[in-house]
Protein chains: 2
Amino acid sequence: MNDRLDKIKKFYKKHRRLPSYSEMLNIFNLASKNAVFKIIQKLIEAGFIKKEGAKIAPASKFFALPLVGLVKAGFPILAEENRDYLTLDDYLIGDPQSAFLLKVSGDSLIGLGIFDGDIVIIERKRPATSGDIVLAQIDREWTLKILKKDGIRAHLESANPKYPPFYPKQNLEIFGVVKAVVRKFN
Amino acid sequence: MNDRLDKIKKFYKKHRRLPSYSEMLNIFNLASKNAVFKIIQKLIEAGFIKKEGAKIAPASKFFALPLVGLVKAGFPILAEENRDYLTLDDYLIGDPQSAFLLKVSGDSLIGLGIFDGDIVIIERKRPATSGDIVLAQIDREWTLKILKKDGIRAHLESANPKYPPFYPKQNLEIFGVVKAVVRKFN
DNA sequence: TGCATTAGTGAACGAGTGTTTACTATACTG
DNA sequence: CAGTATAGTAAACACTCGTTCACTAATGCA
């Protein structure tokens with residue numbers, strides 16, 4: 001059954017949609033649509049696929065990657081149970097409409113583990129609170145810094161002792177809040 | 001046209017599939033499927049949706065978030081052109097079949113900007129080379145460290161001066177290589 | 001003003017959809 | 001061994017799919 005699911009995943013990765021029953025006939029090398037029908041029912045019971053009326057769609061488990069924790073005593077990944085699943089896209093992106101990505105340049109946030117070349121996910125909507133990493137325009141210049149509100153006026157700080165805090169001379173406008181960082185290796 | 005695309009995206013986010021033409025009739029508050037047909041054709045020309053035969057599927061641009069760079073001189077996000085797009089899932093996960101997630105515990109990799117609570121994406125397949133961050137079993141204990149190969153024998157290092165290098169007494173087995181890190185803020 | 005473009009209606013159509021029923025062969029189980 | 005799931009074949013079915021054609025209303029342009 002799992003090799004069938006893998007074939008569907010492969011198809012999905014390539015076409016960005018689930019195959020129809022007759023397409024699955026070819027994928028699975030079967031001759032009867034009823035065989036496919038039964039396979040899909042199993043996958044629905046297993047939680048990988050869902051159905052609304054006659055229309056099938058991947059369930060969240062379909063995309064999810066197993067999430068394991070590293071505990072001193074042992075390594076739980078090999079056991080089928082106690083597994084957690086996480087869909088990265090859903091995890092990282094709250095509202096796709098208001099989110100965008102920003103490639104970080106500079107070392108002003110290394111203290112927070114945000115390096116040059118990293119990609120941050122920024123959401124436009126949400127109000128910023130003190131301590132948030134924000135994309136802001138300070139005195140007509142765009143920058144990515146930590147927002148600090150002490151009393152009435154706000155200023156920006158780096159997470160790098162090399163740089164002093166920035167107090168706006170004219171104005172400080174918050175454009176978005178950093179929700180997540182992402183870094184890819186080599 | 002863009003509000004129509006937004007409605008489709010909303011549907012997709014909820015159902016994990018594209019709506020059929022008759023479902024779009026409701027979404028768009030239209031009466032004729034031909035109107036939908038024409039709208040979809042425009043979205044295909046715009047590159048958001050693709051078609052194989054009669055079957056529609058989202059193109060990669062459909063999911064992609066705008067990726068901007070922060071240049072000193074100005075802020076390019078407001079301009080419609082010169083925009084880059086990135087699909088996070090595709091960017092981060094190479095081979096979904098062999099990938100899994102690991103929640104990091106400990107501070108042994110802070111030097112690389114990998115903190116306690118971060119999630120790393122690990123791929124099982126690929127051979128590890130010196131300098132890779134690896135999930136390894138050293139003398140029967142699982143750990144996430146930097147692999148170093150000097151000459152014949154390999155050992156593990158931390159990215160934290162607090163910890164000494166680890167030389168295996170019995171054996172060192174590499175289970176997977178860290179491909180990416182992901183961190184979510186509050 | 002006249003003409004072309006765009007956006008939408010409405011109906012009809014063949015092809016393909018997922019489902020159902022009946023039946024067969026193989027494999028597992030006590 | 002007999003009995004029972006399991007996995008697949010084959011054919012038929014209603015229904016929905018995306019497409020097409022002919023037509024209308026509104027809009028923009030020269």
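Each chain gets a letter, A, B and so on, in the order its sequence line appears, and its residues count up from 1. Given the structure is predicted, the values throughout are model-derived calculations rather than measurements.
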With a 4.0 Å cut-off on heavy atoms, is Ala31(A) in touch with a base, just the backbone sugar-phosphate, or nothing at all?
sugar-phosphate
Would you mind classifying the nucleic acid contact of Lys38(B) as base, sugar-phosphate or nothing, using non-hydrogen atoms under 4.0 angstrom?
base
Under 4.0 Å between a side-chain N/O of [X] and OP1 or OP2 of [N], yes or no?
{"X": "Lys51(B)", "N": "dT19(D)", "value": "yes"}
{"X": "Arg4(A)", "N": "dA7(D)", "value": "no"}
{"X": "Ser22(B)", "N": "dC17(D)", "value": "yes"}

Could you check how far [atom1] of [X] sits from [atom2] of [N], rounded to whole Å?
{"X": "Phe28(B)", "N": "dA7(C)", "atom1": "CZ", "atom2": "C1'", "result": "13 Å"}
{"X": "Ile39(A)", "N": "dA7(D)", "atom1": "CD1", "atom2": "C1'", "result": "8 Å"}
{"X": "Leu30(B)", "N": "dT24(D)", "atom1": "CG", "atom2": "P", "result": "20 Å"}
{"X": "Lys42(B)", "N": "dG8(C)", "atom1": "NZ", "atom2": "C1'", "result": "12 Å"}
{"X": "Glu23(B)", "N": "dT17(C)", "atom1": "CD", "atom2": "C1'", "result": "14 Å"}
{"X": "Phe37(A)", "N": "dG8(D)", "atom1": "CZ", "atom2": "P", "result": "15 Å"}
{"X": "Ile40(A)", "N": "dT19(C)", "atom1": "CD1", "atom2": "C1'", "result": "13 Å"}
{"X": "Tyr21(B)", "N": "dT9(C)", "atom1": "OH", "atom2": "P", "result": "16 Å"}

Evaluate whether atom NZ of Lys10(B) has more than 12 neighbouring non-hydrogen atoms of other residues, nucleotides or ligands under 6.0 angstrom away.
no
Per atom distances to the Asn34(B) side chain, the nearest of dT20(D), dT17(C), dA7(C) is dT20(D)
Kindly indicate whether the side chain of Ser32(A) and the base of dG8(D) share any N or O donor-acceptor pair separated by less than 3.5 Å?
no
Cation-pi check, Arg17(B) onto Tyr12(B) ring (under 6.0 Å, within 45° of axis):
no
Using the ring of Tyr21(B) (Phe, Tyr or Trp, six-membered ring only), decide whether Lys33(B) places NZ or CZ under 6.0 Å from its centre and within 45 degrees of its axis.
no
In Leu144(B), Ile122(B), Leu135(B), the residue satisfying side chain to side chain contact (heavy atoms under 4.5 Å, CB included) with Phe175(B) is Leu135(B)
Hey, which sits more toward the 5' end of DNA chain C by its nearest nucleotide, Lys55(B) or Ala35(B)?
Ala35(B)
Should Leu67(A) and Val182(A) be regarded as members of a common hydrophobic cluster, given that ILVMFWY residues are connected when their side-chain heavy atoms come within less than 4.5 Å of each other, either directly or indirectly?
yes
